[in-house]
There are 2 protein chains.
Amino acid sequence: MALSWATEEQASRSEQIRQMTIHLFHEKGYPATSIRAIAKNLDIKSSSLYYHFQSKQDLLFDVLDRIMDELIQGLQKSVAHGQTPEEKLVAAIRFHISFHTDHQAEAFISHSELRFLSAENFRRIAEKRKRYEEIFQQVLREGVEAGVFNVPDVKVASYAILLMCTGVSSWFAEKGRLGGEEVARIHEDLILRGILKTSKGGNR
Amino acid sequence: MALSWATEEQASRSEQIRQMTIHLFHEKGYPATSIRAIAKNLDIKSSSLYYHFQSKQDLLFDVLDRIMDELIQGLQKSVAHGQTPEEKLVAAIRFHISFHTDHQAEAFISHSELRFLSAENFRRIAEKRKRYEEIFQQVLREGVEAGVFNVPDVKVASYAILLMCTGVSSWFAEKGRLGGEEVARIHEDLILRGILKTSKGGNR
DNA sequence: GTCTATAACTAGATAGAC
DNA sequence: GTCTATCTAGTTATAGAC
């Protein structure tokens, strides 16, 4: 599945640059990826890249900002489909993991390259990351208030759940032993059994 | 707690270089950390650094290799203290989290800088990482065989547990709301409830 | 063990032609 | 929108003095 802004058959040059940037940032990271290398991979000269983006920092921000928008939009949409806190949580976990298996490069750099953002750009991305985490925390809180979740610390639990699933992008292999859906089911099971008040999570 | 090779009151120059390297790699990453910067922070010239290490790559490998040794040794020692699978798992989680809260920089770079190792150096570090993961997997397997753990996929479960706890180093703040022990307890609880066979019909 | 000096190279970014 | 050419500054690493 391609990201929504990349679904056009003929990707614009700006979009080609973004995709190549994501690929190379994933492979080598921001500092080790030169503007020249991005350009060379697209068969243009590095100076041409500056027609589309103001600076390397600008390109980093643009890429990360779009990934965050995609994440937030997708999570909101997924959670909205659930009725109960348990359904909402499962939907959230499923979305989070499928994003991390389907877009490994995007998911990886959305964490690893944060420290290369300028102070102001970091502030803007950190805000969106907080919005994303808060959706999870809200679902957990609803479950606690409804008396179905046993979560002593919503923030720590949300970090634990997010990081466990986020980590999938570091080991998941497209052609590995398990498919994305199996991986998602294992994680749902582990998490639900970890936080549900009854132990019905195990035999859903 | 300091790492064992750093307990001497007068750290050797090589050790000072390693500590500064860890600090700067954590802050900026390998490619963005210049040999000059490491040297400057120790009030020596960059050329002097080459007396102690052959190359920047050599320094990266040396630092990561020692971190892996410390992790493996510490985990083995912790697990050996437990009698039952459950005790062993709690000991393993406690060690893993305390390492990630007490040595945030070391823990962080032991993942983030892997991709900057040369092919041969990567192979050597990856082997040690595998050894570390296998200790966790062995404990989980013992629990399954003893009939106390409900873990449908030992590998995925080990990754989920490790990554959940590993992630602590990315958000844990020394002077934050929670101490390291509280964080560890919350994670132990979440994991144990997630995998313990507490009721019948837990299998899928 | 640390220094000065420097070689050989690569980086981000811009000017101006077409 | 892409090119050539170039500026300035930074990079790893080495040679050889002390």
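These numbers come from the heavy atoms of this one structure, side chains and all, not from hydrogens, waters or symmetry mates. Throughout, protein chains are lettered first and strands after them, A, B, ... in sequence-line order, and every chain is numbered starting at 1. Computed from a predicted structure; not experimentally measured.
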Checklist entry - Can you tell me how far the CG atom of B:Leu162 sits from the NE2 atom of B:His111, to the nearest 0.5 Å? => result 8.5 Å
Checklist entry - Roughly how far, to the nearest 0.5 Å, is the CG atom of B:Leu42 from the NE2 atom of B:His52? => result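 Here the interatomic distance stands at 9.5 Å.
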Next on the checklist: Whether A:Tyr51 contacts D:dT2 is assessed here as follows: a side-chain N or O lying under 4.0 Å from the phosphate OP1 or OP2. Is that the case?
Outcome noted: no
Item to check | Distance test, side-chain N/O of B:Ser34 to OP1/OP2 of D:dT11, below 4.0 Å | outcome: yes
Next on the checklist: Taking the nucleotide of DNA chain D with the nearest heavy atom to each, does A:Lys45 or A:Arg36 sit closer to the 5' end?
Outcome noted: A:Lys45
Protein-nucleotide distance ([X], atom [atom1]; [N], atom [atom2]), rounded to Å:
| X | N | atom1 | atom2 | value |
| --- | --- | --- | --- | --- |
| A:Phe53 | D:dG1 | CZ | P | 12 Å |
| B:Ile35 | C:dA8 | CD1 | P | 20 Å |
| B:Gln16 | C:dG1 | CD | C1' | 13 Å |
| B:Ile38 | D:dA13 | CD1 | C1' | 14 Å |
| B:Leu49 | D:dT14 | CG | C1' | 14 Å |
| B:Lys28 | D:dG10 | NZ | P | 14 Å |
| B:Tyr50 | C:dT2 | OH | C1' | 15 Å |
| B:Lys40 | C:dT2 | NZ | P | 18 Å |

Next on the checklist: Any side-chain to backbone donor/acceptor pair from B:Lys88 onto B:Gly143? Under 3.5 Å, distance only.
Outcome noted: no
Next on the checklist: Whether the side chain of B:Ser47 and the base of C:dT2 hold a donor-acceptor pair under 3.5 Å is what I'd like checked.
Outcome noted: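 Such a pair does not exist between side chain and base.
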Checklist entry - Under 3.5 Å, is there an N or O donor on one side and an acceptor on the other linking the side chain of B:Arg13 and the base of C:dG1? => result no
Checklist outcome for this item: Only one of A:Arg124, A:Arg129, A:Lys128 passes salt bridge (Lys or Arg N to Asp or Glu O under 4.0 Å) with A:Asp65, and that residue is A:Lys128
Checklist entry - Salt bridge or not for B:Glu181 and B:Arg185, using N-O below 4.0 Å? => result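 No, B:Glu181 and B:Arg185 are not salt-bridged.
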Checklist entry - How would you label the contact of B:Thr33 with the nucleic acid (heavy atoms, under 4.0 Å): base, sugar-phosphate, or nothing? => result sugar-phosphate
Checklist entry - A:Ser48 has a side chain; which of D:dT11, D:dC3, C:dA13 sits nearest to it? => result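 Output: D:dC3.
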